[in-house]
Amino acid sequence: MSTFTAPKGIPEYYPPRSADFLAVRDTLADAARRAGYGYIELPLFEDTGLFARGVGESTDVVSKEMYTFADQGGRSITLRPEGTAGVIRSVIEHGLDRGQLPLKLYYSGAFFRYERPQAGRYRQLQQLGVEAIGVDDPALDAEVIAVADEGYRRLGITGHRIELTSLGDADCRPEYRAKLLEFLRGLPLDEPTRQRAELNPLRVLDDKRPEVREMLADAPLMADHLSAASKEHYERVKTHLSDLGVAFTENPWLVRGLDYYTKTTFEFVHDGLGAQSGIGGGGRYDGLMAELGGAELSGIGFGLGLDRTLLACEAEGVTPAGQSRCEVYCVPLGEAARRHLVRVSGDLRKSGTRVEVAYGGKGLKGAMKSADRSGARFALVVGERDLESGTAQLKDLSSGEQRTVALDGAADEVRAALEASP
RNA sequence: GUGGGUGUAGCUCAGGCGGUAGAGCACUGGGUUGUGGUCCCAGGAGUCGCGGGUUCGAAUCCCGUCACUCACCCCA
(Lines give C-alpha, C1' and ligand atoms only; values in the text may rest on other atoms or scores of the structure.)
Protein backbone atom coordinates (compact mmCIF):
# COMPACT_ATOMS: atom_id res chain seq x y z
CA MET A 1 0.00 0.00 0.00
CA SER A 2 1.29 3.45 -0.85
CA THR A 3 2.01 6.05 1.80
CA PHE A 4 -0.73 8.36 0.65
CA THR A 5 -4.24 7.46 -0.33
CA ALA A 6 -6.99 9.46 -1.96
CA PRO A 7 -9.36 11.27 0.37
CA LYS A 8 -12.28 9.15 1.49
CA GLY A 9 -15.18 8.65 -0.83
CA ILE A 10 -13.71 10.12 -3.98
CA PRO A 11 -13.80 8.16 -7.21
CA GLU A 12 -10.77 8.29 -9.47
CA TYR A 13 -10.98 7.49 -13.15
CA TYR A 14 -7.99 6.19 -15.07
CA PRO A 15 -7.56 4.31 -18.35
CA PRO A 16 -9.32 2.48 -19.74
CA ARG A 17 -12.45 3.42 -17.77
CA SER A 18 -11.70 7.14 -17.83
CA ALA A 19 -12.41 7.12 -21.57
CA ASP A 20 -15.99 6.10 -20.87
CA PHE A 21 -16.28 8.69 -18.12
CA LEU A 22 -15.13 11.43 -20.48
CA ALA A 23 -17.53 10.20 -23.13
CA VAL A 24 -20.41 10.42 -20.65
CA ARG A 25 -19.60 14.05 -19.99
CA ASP A 26 -19.03 14.88 -23.65
CA THR A 27 -22.19 13.17 -24.84
CA LEU A 28 -24.44 14.85 -22.27
CA ALA A 29 -22.79 18.22 -22.90
CA ASP A 30 -23.34 17.75 -26.61
CA ALA A 31 -27.06 17.20 -26.06
CA ALA A 32 -27.22 20.49 -24.13
CA ARG A 33 -25.23 22.39 -26.77
CA ARG A 34 -27.43 21.09 -29.56
CA ALA A 35 -30.43 22.56 -27.77
CA GLY A 36 -28.78 25.97 -27.55
CA TYR A 37 -27.31 25.93 -24.06
CA GLY A 38 -24.06 27.87 -23.67
CA TYR A 39 -21.25 26.84 -21.38
CA ILE A 40 -20.65 28.64 -18.08
CA GLU A 41 -17.51 28.06 -15.98
CA LEU A 42 -17.99 28.73 -12.29
CA PRO A 43 -16.00 28.64 -9.05
CA LEU A 44 -15.73 25.40 -7.13
CA PHE A 45 -16.33 27.31 -3.91
CA GLU A 46 -18.55 30.22 -2.96
CA ASP A 47 -19.50 32.34 0.01
CA THR A 48 -21.15 29.99 2.50
CA GLY A 49 -24.14 32.32 2.72
CA LEU A 50 -25.02 31.70 -0.93
CA PHE A 51 -25.84 28.06 -0.30
CA ALA A 52 -27.42 28.68 3.09
CA ARG A 53 -29.78 31.15 1.43
CA GLY A 54 -30.18 29.54 -1.97
CA VAL A 55 -30.40 25.85 -1.17
CA GLY A 56 -32.22 26.29 2.12
CA GLU A 57 -31.19 26.07 5.77
CA SER A 58 -33.59 23.21 6.37
CA THR A 59 -32.03 20.88 3.80
CA ASP A 60 -29.68 18.10 4.80
CA VAL A 61 -27.24 19.39 2.25
CA VAL A 62 -26.84 22.68 4.06
CA SER A 63 -27.36 21.53 7.63
CA LYS A 64 -24.85 18.67 7.68
CA GLU A 65 -23.24 17.91 4.34
CA MET A 66 -21.23 20.99 3.40
CA TYR A 67 -17.48 21.30 3.24
CA THR A 68 -17.18 24.67 4.97
CA PHE A 69 -14.00 26.36 6.16
CA ALA A 70 -12.46 29.75 6.77
CA ASP A 71 -9.97 31.05 4.21
CA GLN A 72 -6.85 33.06 5.06
CA GLY A 73 -8.90 36.22 5.15
CA GLY A 74 -11.37 34.81 7.63
CA ARG A 75 -14.20 34.50 5.10
CA SER A 76 -16.49 31.48 5.38
CA ILE A 77 -16.05 29.45 2.22
CA THR A 78 -18.00 26.39 1.09
CA LEU A 79 -17.12 23.86 -1.59
CA ARG A 80 -20.17 23.90 -3.86
CA PRO A 81 -22.64 21.11 -3.02
CA GLU A 82 -24.83 21.76 -6.07
CA GLY A 83 -24.81 23.92 -9.17
CA THR A 84 -27.91 26.05 -9.43
CA ALA A 85 -27.16 28.56 -6.67
CA GLY A 86 -23.79 29.41 -8.22
CA VAL A 87 -25.28 29.81 -11.69
CA ILE A 88 -27.97 32.15 -10.41
CA ARG A 89 -25.39 34.13 -8.44
CA SER A 90 -23.29 34.60 -11.56
CA VAL A 91 -26.29 35.51 -13.69
CA ILE A 92 -27.30 38.22 -11.23
CA GLU A 93 -23.74 39.46 -10.70
CA HIS A 94 -23.07 39.88 -14.42
CA GLY A 95 -26.55 40.90 -15.48
CA LEU A 96 -26.80 37.95 -17.85
CA ASP A 97 -30.59 38.07 -17.55
CA ARG A 98 -30.78 41.50 -19.16
CA GLY A 99 -30.59 40.16 -22.68
CA GLN A 100 -32.93 37.86 -24.54
CA LEU A 101 -34.76 35.32 -22.46
CA PRO A 102 -34.69 32.50 -21.74
CA LEU A 103 -31.05 32.51 -20.80
CA LYS A 104 -29.85 28.96 -21.42
CA LEU A 105 -26.67 27.75 -19.73
CA TYR A 106 -24.93 24.48 -18.94
CA TYR A 107 -22.09 23.64 -16.60
CA SER A 108 -20.08 20.60 -15.61
CA GLY A 109 -17.61 19.76 -12.92
CA ALA A 110 -17.06 18.59 -9.37
CA PHE A 111 -19.39 19.06 -6.42
CA PHE A 112 -18.79 18.20 -2.80
CA ARG A 113 -20.91 16.77 -0.04
CA TYR A 114 -19.70 15.47 3.27
CA GLU A 115 -21.61 12.20 3.60
CA ARG A 116 -20.90 8.55 4.31
CA PRO A 117 -19.89 7.13 0.93
CA GLN A 118 -21.56 4.10 -0.59
CA ALA A 119 -22.12 2.67 -4.04
CA GLY A 120 -22.77 5.59 -6.39
CA ARG A 121 -22.58 8.17 -3.62
CA TYR A 122 -19.37 10.11 -3.30
CA ARG A 123 -17.98 13.07 -1.41
CA GLN A 124 -16.68 14.51 -4.64
CA LEU A 125 -19.20 13.95 -7.37
CA GLN A 126 -19.30 15.00 -11.00
CA GLN A 127 -22.36 16.59 -12.49
CA LEU A 128 -23.48 18.18 -15.69
CA GLY A 129 -26.32 20.62 -15.31
CA VAL A 130 -28.49 22.91 -17.35
CA GLU A 131 -30.44 26.04 -16.40
CA ALA A 132 -33.03 27.89 -18.49
CA ILE A 133 -33.82 31.20 -16.85
CA GLY A 134 -36.43 33.90 -17.28
CA VAL A 135 -39.34 32.28 -19.06
CA ASP A 136 -42.09 30.33 -17.32
CA ASP A 137 -43.25 28.32 -20.29
CA PRO A 138 -44.25 24.65 -19.86
CA ALA A 139 -42.67 23.93 -23.26
CA LEU A 140 -39.34 24.99 -21.80
CA ASP A 141 -39.80 22.55 -18.92
CA ALA A 142 -40.38 19.84 -21.48
CA GLU A 143 -37.30 20.87 -23.44
CA VAL A 144 -35.06 20.64 -20.41
CA ILE A 145 -36.29 17.14 -19.64
CA ALA A 146 -35.95 16.17 -23.28
CA VAL A 147 -32.34 17.34 -23.35
CA ALA A 148 -31.44 14.90 -20.59
CA ASP A 149 -33.40 12.14 -22.27
CA GLU A 150 -31.63 12.84 -25.55
CA GLY A 151 -28.27 12.70 -23.77
CA TYR A 152 -29.05 9.31 -22.30
CA ARG A 153 -30.29 8.10 -25.67
CA ARG A 154 -27.06 9.18 -27.37
CA LEU A 155 -25.07 7.38 -24.72
CA GLY A 156 -26.99 4.28 -25.60
CA ILE A 157 -28.68 3.55 -22.30
CA THR A 158 -32.31 2.45 -22.34
CA GLY A 159 -32.94 1.35 -18.75
CA HIS A 160 -33.64 4.78 -17.30
CA ARG A 161 -37.04 6.20 -16.61
CA ILE A 162 -38.32 9.68 -15.94
CA GLU A 163 -40.42 10.34 -12.87
CA LEU A 164 -42.47 13.48 -12.95
CA THR A 165 -44.70 15.50 -10.68
CA SER A 166 -45.64 19.07 -9.77
CA LEU A 167 -44.79 20.63 -6.44
CA GLY A 168 -47.27 23.48 -6.88
CA ASP A 169 -46.65 27.19 -6.54
CA ALA A 170 -46.85 29.97 -3.96
CA ASP A 171 -50.65 29.97 -4.21
CA CYS A 172 -51.29 26.34 -3.40
CA ARG A 173 -48.18 24.93 -1.74
CA PRO A 174 -48.54 26.66 1.68
CA GLU A 175 -52.07 25.38 2.06
CA TYR A 176 -51.09 21.86 1.10
CA ARG A 177 -48.00 21.99 3.26
CA ALA A 178 -50.07 22.84 6.31
CA LYS A 179 -52.46 20.03 5.53
CA LEU A 180 -49.63 17.53 5.17
CA LEU A 181 -48.01 18.69 8.37
CA GLU A 182 -51.23 18.22 10.22
CA PHE A 183 -51.46 14.68 8.86
CA LEU A 184 -47.86 13.90 9.81
CA ARG A 185 -48.30 15.21 13.34
CA GLY A 186 -50.94 12.54 13.85
CA LEU A 187 -48.46 9.80 12.96
CA PRO A 188 -46.23 7.90 15.44
CA LEU A 189 -43.00 8.96 13.75
CA ASP A 190 -39.56 8.76 15.30
CA GLU A 191 -38.02 11.95 16.60
CA PRO A 192 -35.66 12.82 13.67
CA THR A 193 -38.48 12.32 11.20
CA ARG A 194 -40.80 14.38 13.35
CA GLN A 195 -38.30 17.22 13.30
CA ARG A 196 -37.92 16.93 9.56
CA ALA A 197 -41.69 17.16 9.23
CA GLU A 198 -41.73 20.43 11.16
CA LEU A 199 -38.90 21.80 9.05
CA ASN A 200 -40.23 20.67 5.70
CA PRO A 201 -43.09 18.15 5.70
CA LEU A 202 -42.72 17.45 1.96
CA ARG A 203 -39.41 15.71 2.46
CA VAL A 204 -40.93 13.08 4.73
CA LEU A 205 -42.80 11.75 1.72
CA ASP A 206 -39.48 10.57 0.32
CA ASP A 207 -38.74 8.22 3.22
CA LYS A 208 -37.92 4.73 1.97
CA ARG A 209 -38.42 2.76 5.16
CA PRO A 210 -41.31 0.28 4.70
CA GLU A 211 -42.93 1.02 8.05
CA VAL A 212 -42.93 4.74 7.26
CA ARG A 213 -44.22 4.15 3.74
CA GLU A 214 -47.12 2.23 5.19
CA MET A 215 -48.07 5.11 7.47
CA LEU A 216 -47.81 7.48 4.53
CA ALA A 217 -50.20 5.51 2.35
CA ASP A 218 -53.10 7.85 3.08
CA ALA A 219 -51.07 11.05 3.13
CA PRO A 220 -52.52 14.00 1.20
CA LEU A 221 -50.66 14.52 -2.07
CA MET A 222 -49.71 17.76 -3.78
CA ALA A 223 -51.12 16.45 -7.01
CA ASP A 224 -54.61 16.60 -5.52
CA HIS A 225 -54.16 20.14 -4.21
CA LEU A 226 -52.72 22.00 -7.17
CA SER A 227 -54.07 25.45 -7.95
CA ALA A 228 -55.77 25.88 -11.30
CA ALA A 229 -52.72 27.64 -12.72
CA SER A 230 -50.28 25.01 -11.46
CA LYS A 231 -52.46 22.22 -12.74
CA GLU A 232 -52.71 23.83 -16.16
CA HIS A 233 -48.93 24.29 -16.21
CA TYR A 234 -48.34 20.68 -15.31
CA GLU A 235 -50.80 19.35 -17.88
CA ARG A 236 -49.11 21.34 -20.61
CA VAL A 237 -45.68 20.02 -19.62
CA LYS A 238 -47.01 16.49 -20.01
CA THR A 239 -48.53 17.30 -23.37
CA HIS A 240 -45.28 18.75 -24.67
CA LEU A 241 -43.32 15.77 -23.41
CA SER A 242 -45.63 13.45 -25.25
CA ASP A 243 -45.26 15.55 -28.39
CA LEU A 244 -41.50 15.26 -27.99
CA GLY A 245 -41.79 11.50 -27.70
CA VAL A 246 -40.34 11.49 -24.20
CA ALA A 247 -41.78 8.74 -22.03
CA PHE A 248 -42.36 9.47 -18.36
CA THR A 249 -44.17 8.11 -15.34
CA GLU A 250 -45.98 10.27 -12.83
CA ASN A 251 -44.87 9.92 -9.23
CA PRO A 252 -46.91 12.12 -6.87
CA TRP A 253 -44.66 11.11 -3.96
CA LEU A 254 -41.62 12.58 -5.65
CA VAL A 255 -40.00 15.38 -3.66
CA ARG A 256 -36.56 16.87 -3.94
CA GLY A 257 -34.00 17.52 -1.29
CA LEU A 258 -33.51 21.15 -2.23
CA ASP A 259 -36.01 23.70 -0.99
CA TYR A 260 -36.19 25.93 -4.03
CA TYR A 261 -38.17 23.67 -6.34
CA THR A 262 -41.69 24.61 -7.45
CA LYS A 263 -44.13 23.35 -10.07
CA THR A 264 -42.48 20.88 -12.46
CA THR A 265 -40.17 18.48 -10.67
CA PHE A 266 -38.54 15.37 -12.06
CA GLU A 267 -36.00 12.70 -11.42
CA PHE A 268 -34.13 10.29 -13.69
CA VAL A 269 -33.81 6.86 -12.14
CA HIS A 270 -32.01 3.71 -13.18
CA ASP A 271 -32.01 0.27 -11.59
CA GLY A 272 -28.74 -1.53 -11.31
CA LEU A 273 -26.61 1.03 -9.50
CA GLY A 274 -27.27 -0.27 -6.03
CA ALA A 275 -29.43 1.61 -3.56
CA GLN A 276 -28.77 5.02 -5.07
CA SER A 277 -30.97 4.80 -8.10
CA GLY A 278 -31.21 8.48 -9.02
CA ILE A 279 -28.92 9.39 -11.90
CA GLY A 280 -30.22 12.92 -12.22
CA GLY A 281 -32.97 15.28 -11.25
CA GLY A 282 -34.22 18.80 -11.36
CA GLY A 283 -37.17 21.08 -11.60
CA ARG A 284 -38.50 24.59 -11.77
CA TYR A 285 -37.63 27.23 -9.22
CA ASP A 286 -39.83 30.31 -9.03
CA GLY A 287 -38.41 32.25 -6.12
CA LEU A 288 -34.70 31.54 -6.23
CA MET A 289 -33.56 34.50 -8.35
CA ALA A 290 -35.35 37.01 -6.15
CA GLU A 291 -34.21 35.23 -3.01
CA LEU A 292 -30.61 35.76 -4.09
CA GLY A 293 -31.14 39.43 -4.88
CA GLY A 294 -32.01 39.25 -8.54
CA ALA A 295 -35.07 39.98 -10.62
CA GLU A 296 -38.36 38.15 -10.17
CA LEU A 297 -37.49 35.53 -12.75
CA SER A 298 -38.16 31.82 -12.56
CA GLY A 299 -35.96 29.14 -13.98
CA ILE A 300 -35.80 25.44 -14.64
CA GLY A 301 -32.86 23.10 -14.75
CA PHE A 302 -31.42 19.71 -13.98
CA GLY A 303 -28.29 18.16 -12.57
CA LEU A 304 -27.12 14.84 -13.93
CA GLY A 305 -24.72 12.71 -11.94
CA LEU A 306 -21.85 11.71 -14.20
CA ASP A 307 -20.50 9.08 -11.83
CA ARG A 308 -23.88 7.42 -11.57
CA THR A 309 -24.55 7.71 -15.28
CA LEU A 310 -21.31 5.86 -15.91
CA LEU A 311 -22.47 3.15 -13.51
CA ALA A 312 -25.74 2.99 -15.43
CA CYS A 313 -23.84 2.53 -18.69
CA GLU A 314 -21.77 -0.24 -17.17
CA ALA A 315 -24.86 -1.94 -15.75
CA GLU A 316 -26.24 -2.06 -19.29
CA GLY A 317 -22.96 -3.10 -20.88
CA VAL A 318 -22.81 0.16 -22.80
CA THR A 319 -19.38 1.60 -23.63
CA PRO A 320 -19.76 5.30 -24.53
CA ALA A 321 -16.14 5.70 -25.67
CA GLY A 322 -16.51 4.45 -29.20
CA GLN A 323 -13.26 4.70 -31.05
CA SER A 324 -10.13 2.85 -30.06
CA ARG A 325 -7.24 4.97 -28.94
CA CYS A 326 -5.03 3.96 -31.85
CA GLU A 327 -5.34 3.33 -35.58
CA VAL A 328 -1.74 2.64 -36.55
CA TYR A 329 1.00 1.16 -34.39
CA CYS A 330 4.58 1.72 -35.54
CA VAL A 331 7.14 -0.96 -34.83
CA PRO A 332 10.78 0.02 -35.42
CA LEU A 333 13.60 -2.51 -35.15
CA GLY A 334 16.74 -0.62 -34.24
CA GLU A 335 17.61 3.04 -33.87
CA ALA A 336 17.84 3.86 -37.58
CA ALA A 337 14.37 2.44 -38.16
CA ARG A 338 13.02 4.26 -35.14
CA ARG A 339 14.17 7.57 -36.56
CA HIS A 340 12.19 6.94 -39.73
CA LEU A 341 9.07 5.78 -37.93
CA VAL A 342 9.08 8.64 -35.45
CA ARG A 343 9.07 10.93 -38.48
CA VAL A 344 6.21 8.99 -40.08
CA SER A 345 4.23 9.07 -36.82
CA GLY A 346 4.56 12.85 -36.71
CA ASP A 347 3.39 13.10 -40.30
CA LEU A 348 0.37 10.92 -39.57
CA ARG A 349 -0.61 12.83 -36.43
CA LYS A 350 -0.53 16.09 -38.33
CA SER A 351 -3.20 14.70 -40.61
CA GLY A 352 -5.31 13.58 -37.67
CA THR A 353 -4.47 9.89 -37.58
CA ARG A 354 -4.30 8.25 -34.16
CA VAL A 355 -0.86 6.69 -34.07
CA GLU A 356 1.47 5.16 -31.53
CA VAL A 357 5.10 4.04 -31.64
CA ALA A 358 6.81 1.19 -29.80
CA TYR A 359 9.41 2.82 -27.58
CA GLY A 360 12.23 1.42 -25.52
CA GLY A 361 13.99 -1.86 -26.11
CA LYS A 362 10.87 -3.78 -26.95
CA GLY A 363 11.47 -6.82 -29.10
CA LEU A 364 9.50 -7.40 -32.27
CA LYS A 365 7.26 -9.94 -30.64
CA GLY A 366 6.57 -7.72 -27.68
CA ALA A 367 5.99 -4.73 -29.94
CA MET A 368 3.47 -6.68 -32.02
CA LYS A 369 1.70 -7.65 -28.84
CA SER A 370 1.50 -3.98 -27.87
CA ALA A 371 0.18 -3.24 -31.34
CA ASP A 372 -2.54 -5.81 -30.80
CA ARG A 373 -3.49 -4.43 -27.36
CA SER A 374 -3.57 -0.86 -28.65
CA GLY A 375 -6.58 -1.68 -30.78
CA ALA A 376 -4.81 -0.44 -33.91
CA ARG A 377 -6.08 -1.59 -37.28
CA PHE A 378 -2.61 -1.56 -38.84
CA ALA A 379 0.96 -2.11 -37.75
CA LEU A 380 3.77 -0.43 -39.62
CA VAL A 381 7.00 -2.39 -39.23
CA VAL A 382 10.48 -1.26 -40.31
CA GLY A 383 13.59 -3.38 -39.74
CA GLU A 384 17.14 -3.69 -41.11
CA ARG A 385 16.12 -5.36 -44.35
CA ASP A 386 13.49 -2.71 -44.98
CA LEU A 387 15.99 0.08 -44.48
CA GLU A 388 18.28 -1.47 -47.09
CA SER A 389 15.48 -1.54 -49.62
CA GLY A 390 13.79 1.68 -48.48
CA THR A 391 10.54 -0.08 -47.61
CA ALA A 392 8.20 -0.72 -44.70
CA GLN A 393 5.79 -3.54 -43.90
CA LEU A 394 2.15 -2.52 -43.54
CA LYS A 395 0.19 -5.20 -41.76
CA ASP A 396 -3.56 -5.43 -41.38
CA LEU A 397 -3.94 -6.65 -37.81
CA SER A 398 -7.38 -8.11 -38.21
CA SER A 399 -6.72 -10.14 -41.37
CA GLY A 400 -3.01 -10.73 -40.81
CA GLU A 401 -2.24 -9.70 -44.37
CA GLN A 402 0.96 -7.79 -44.86
CA ARG A 403 2.34 -5.90 -47.82
CA THR A 404 5.49 -3.99 -48.59
CA VAL A 405 5.26 -0.24 -49.15
CA ALA A 406 7.84 2.43 -49.89
CA LEU A 407 9.21 3.99 -46.72
CA ASP A 408 9.04 7.45 -48.31
CA GLY A 409 5.34 7.17 -48.99
CA ALA A 410 4.47 5.15 -45.88
CA ALA A 411 2.30 7.86 -44.31
CA ASP A 412 0.29 8.23 -47.52
CA GLU A 413 -0.07 4.45 -47.80
CA VAL A 414 -1.38 4.28 -44.24
CA ARG A 415 -3.88 7.07 -44.83
CA ALA A 416 -5.08 5.37 -48.01
CA ALA A 417 -5.41 2.02 -46.23
CA LEU A 418 -7.44 3.57 -43.42
CA GLU A 419 -9.74 5.25 -45.96
CA ALA A 420 -10.17 2.07 -47.94
CA SER A 421 -11.35 -0.01 -44.97
CA PRO A 422 -13.33 2.19 -42.58
C1' G B 1 -24.43 9.65 13.10
C1' U B 2 -26.22 3.99 13.05
C1' G B 3 -25.75 -1.24 11.36
C1' G B 4 -23.49 -5.42 8.32
C1' G B 5 -19.29 -7.27 5.37
C1' U B 6 -14.19 -7.40 3.90
C1' G B 7 -8.75 -6.48 4.42
C1' U B 8 -3.33 -12.08 1.29
C1' A B 9 0.97 -10.26 -5.58
C1' G B 10 -0.52 -4.40 -9.93
C1' C B 11 -6.00 -6.58 -10.42
C1' U B 12 -9.81 -10.59 -9.03
C1' C B 13 -9.44 -14.02 -5.27
C1' A B 14 -8.12 -19.08 -2.95
C1' G B 15 -5.70 -20.94 1.50
C1' G B 16 -7.22 -20.86 7.13
C1' C B 17 -8.12 -28.02 12.02
C1' G B 18 -1.40 -23.07 13.92
C1' G B 19 4.40 -25.47 10.93
C1' U B 20 7.09 -18.50 8.12
C1' A B 21 2.24 -18.42 1.05
C1' G B 22 -0.87 -20.02 -4.02
C1' A B 23 -4.02 -19.57 -8.69
C1' G B 24 -6.02 -16.80 -12.74
C1' C B 25 -5.41 -12.17 -15.23
C1' A B 26 -1.62 -8.47 -16.20
C1' C B 27 3.72 -7.68 -16.98
C1' U B 28 8.81 -9.57 -18.83
C1' G B 29 11.56 -13.34 -21.51
C1' G B 30 11.64 -17.90 -24.36
C1' G B 31 9.35 -21.84 -27.78
C1' U B 32 9.24 -18.76 -33.43
C1' U B 33 17.91 -15.47 -35.25
C1' G B 34 12.02 -10.01 -38.27
C1' U B 35 5.62 -10.46 -36.74
C1' G B 36 0.35 -9.92 -32.48
C1' G B 37 -4.43 -12.35 -31.23
C1' U B 38 -4.73 -19.27 -29.47
C1' C B 39 -1.22 -22.60 -27.07
C1' C B 40 3.21 -24.25 -24.08
C1' C B 41 7.49 -23.08 -20.76
C1' A B 42 10.01 -19.80 -17.48
C1' G B 43 10.60 -15.31 -14.56
C1' G B 44 9.95 -10.89 -11.51
C1' A B 45 6.58 -9.42 -7.94
C1' G B 46 3.53 -10.02 -1.27
C1' U B 47 6.44 -6.77 6.25
C1' C B 48 -0.79 -12.03 4.49
C1' G B 49 -3.96 -3.75 6.79
C1' C B 50 -1.54 -2.21 11.58
C1' G B 51 -0.58 -3.08 16.97
C1' G B 52 -0.72 -6.30 21.01
C1' G B 53 -1.78 -11.26 23.22
C1' U B 54 -1.66 -16.90 23.40
C1' U B 55 2.23 -20.37 21.52
C1' C B 56 8.41 -23.55 20.54
C1' G B 57 6.03 -21.39 16.16
C1' A B 58 0.42 -16.96 14.01
C1' A B 59 -1.61 -15.25 7.29
C1' U B 60 -4.45 -18.95 10.42
C1' C B 61 -6.72 -18.43 17.29
C1' C B 62 -7.98 -14.00 20.82
C1' C B 63 -8.25 -8.56 21.78
C1' G B 64 -7.78 -3.78 19.94
C1' U B 65 -7.23 -0.41 16.03
C1' C B 66 -7.29 1.60 11.15
C1' A B 67 -8.88 1.35 6.26
C1' C B 68 -12.15 0.00 2.59
C1' U B 69 -17.01 -1.47 1.34
C1' C B 70 -22.43 -2.14 1.38
C1' A B 71 -26.84 -0.38 3.57
C1' C B 72 -29.97 3.25 6.67
C1' C B 73 -30.83 8.69 6.95
C1' C B 74 -30.32 11.72 2.58
C1' C B 75 -28.97 12.67 -2.25
C1' A B 76 -26.34 13.07 -8.16
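Letters A, B, ... are given to chains in the order of the sequence lines, protein chains preceding strands, and every chain is numbered from 1.
- Nearest-nucleotide assignment on RNA chain B puts the 5′-proximal partner with A:K64, out of A:K64 and A:G305.
- When heavy atoms are screened at a 4.0 angstrom cut-off, A:A119 is found touching the sugar-phosphate backbone but no base atom.
- A donor-acceptor pair under 3.5 Å is absent between the side-chain atoms of A:S345 and the main chain of A:V357, judged by distance alone.
- In this structure, CZ of A:R17 is placed 12 Å from P of B:U12, rounded to the nearest angstrom.
- Going from the P atom of B:G15 to that of B:A76 covers 42 Å, rounded to whole Å.
- Scanning atom types as modelled, one donor and one acceptor separated by under 3.5 angstrom connect the side chain of A:R308 and the base of B:C75.
- Here, B:G53 and B:G1 have their P atoms 31 Å apart, quoted to the whole Å.
- Residue pairs meeting the ring-ring contact (aromatic ring centres under 6.0 Å, His included) criterion with at least one partner in residues 26-46 of chain A, sequence neighbours excluded, are A:Y39-A:Y106.
- Following rounding to the nearest Å, A:E267 (CD) and B:A76 (P) show an atom-to-atom distance of 7 Å.
- As judged by a 4.0 angstrom heavy-atom cut-off over every strand, A:Q276 is placed among the base-contacting residues.
- Taking the C1' atom of each, B:U35 and B:G44 are spaced 26 Å apart, rounded to whole Å.
- Contacts of A:T193 with the nucleic acid, taken as non-hydrogen atoms under 4.0 Å apart, are absent.
- Close to B:C74, at under 4.0 Å from its OP1 or OP2, lies a side-chain N or O of A:R196.
- Here the P atom of nucleotide B:G36 and the CD atom of A:E356 are 19 Å apart, to the nearest Å.
- A:K263 contributes no side-chain N or O that, together with a main-chain N or O of A:P138, makes up a donor-acceptor pair within less than 3.5 Å.
- In the interface, the side chain of A:E115 is paired with the base of B:A76 through a donor and an acceptor atom under 3.5 Å apart.
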Just the dot-bracket of RNA chain B, please: which string comes out with Watson-Crick or G-U pairs under 3.5 Å, [ ] for crossing, | for another strand? (((((((..((((.....[..)))).(((((.......))))).....(((((..]....))))))))))))....
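- Spacing between B:U6 and B:G49 at atom P, rounded to whole Å, works out to 13 Å.
- A:F112 has its CZ atom 16 Å from the P atom of B:A76, to the nearest Å.
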Each nucleotide of nucleotides 25-35 of chain B classed B (base within 4.0 Å of a protein heavy atom), S (only sugar-phosphate) or -, in 5' to 3' order, makes -SS---B--BB
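- Inspection of the A:Q393 and A:T404 side chains reveals an N or O donor paired with an N or O acceptor under 3.5 Å.
- One finds no side-chain N or O of A:Q118 lying less than 4.0 angstrom from the OP1 or OP2 phosphate oxygen of B:C70.
- Nucleic acid contact class of A:Y329 (heavy atoms, under 4.0 Å, all strands): none.
- Mapping A:G278 and A:P117 onto RNA chain B via the closest heavy atom, the residue that lands nearer the 5' end is A:P117.
- Checking side-chain atoms of A:D20 against main-chain N and O of A:R17 turns up no donor-acceptor pair under 3.5 Å.
- Not one N or O on the side chain of A:R123 forms a donor-acceptor pair closer than 3.5 Å with the backbone of A:P117.
- At a cut-off of 3.5 angstrom, counting only N and O atoms as typed in the model, there is a donor on one side and an acceptor on the other between the side-chain of A:D372 and the base of B:G36.
- Taking atom P on both nucleotides, B:G51 is separated from B:A59 by 11 Å, rounded to a whole Å.
- The side chain of A:R116 contributes no N or O atom lying less than 4.0 Å from OP1 or OP2 of B:C75.
- Nucleic acid contact for A:R203: sugar-phosphate only, since backbone atoms but no base atoms lie under 4.0 Å from a heavy atom of the residue.
- Rounded to whole Å, the C1' atom of B:U20 lies 47 Å from the corresponding atom of B:G34.
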Between A:F268 and A:F266, is the ring pair (Phe, Tyr, Trp, His ring centres under 6.0 Å) condition met? List the steps. CA-CA 7 Å; A:F268 307 106; A:F266 52 89; 5.5 Å; yes
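- The distance between atom CH2 of A:W253 and atom P of B:C74, rounded to the nearest whole Å, is 17 Å.
- Below 30°, between 30° and 60°, or above 60°: for A:Y176 and A:H225 the angle between ring planes is between 30° and 60°, a tilted geometry.
- Listed nucleotides B:A71, B:C75, B:A76 differ in distance to A:L125; the shortest reach to its side chain belongs to B:A76.
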Derivation of the salt bridge (Lys or Arg N to Asp or Glu O under 4.0 Å) call for A:R161 and A:D271: CA-CA 9 Å; A:R161 65 178 183 282; A:D271 302 318; 3.5 Å; yes
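- Between A:F378 atom CZ and B:G37 atom P the separation is 19 Å, expressed in whole Å.
- For the C1' atom pair drawn from B:C27 and B:U60, the interatomic distance equals 31 Å after rounding to whole Å.
- Taking atom C1' on both B:C41 and B:G52, the two are 46 Å apart, rounded to the nearest angstrom.
- A donor atom on one side chain and an acceptor atom on the other are found under 3.5 Å apart for A:T391 and A:D386.
- Put simply, CD1 on A:I279 and CD1 on A:I157 are 4.5 Å apart, with the number rounded to the nearest 0.5 Å.
- Between the CZ atom of A:F302 and the C1' atom of B:C75 there is a distance of 17 Å, rounded to whole Å.
- Checking side-chain atoms of A:R177 against main-chain N and O of A:L202 turns up no donor-acceptor pair under 3.5 Å.
- Following rounding to the nearest Å, A:Y114 (OH) and B:G1 (C1') show an atom-to-atom distance of 11 Å.
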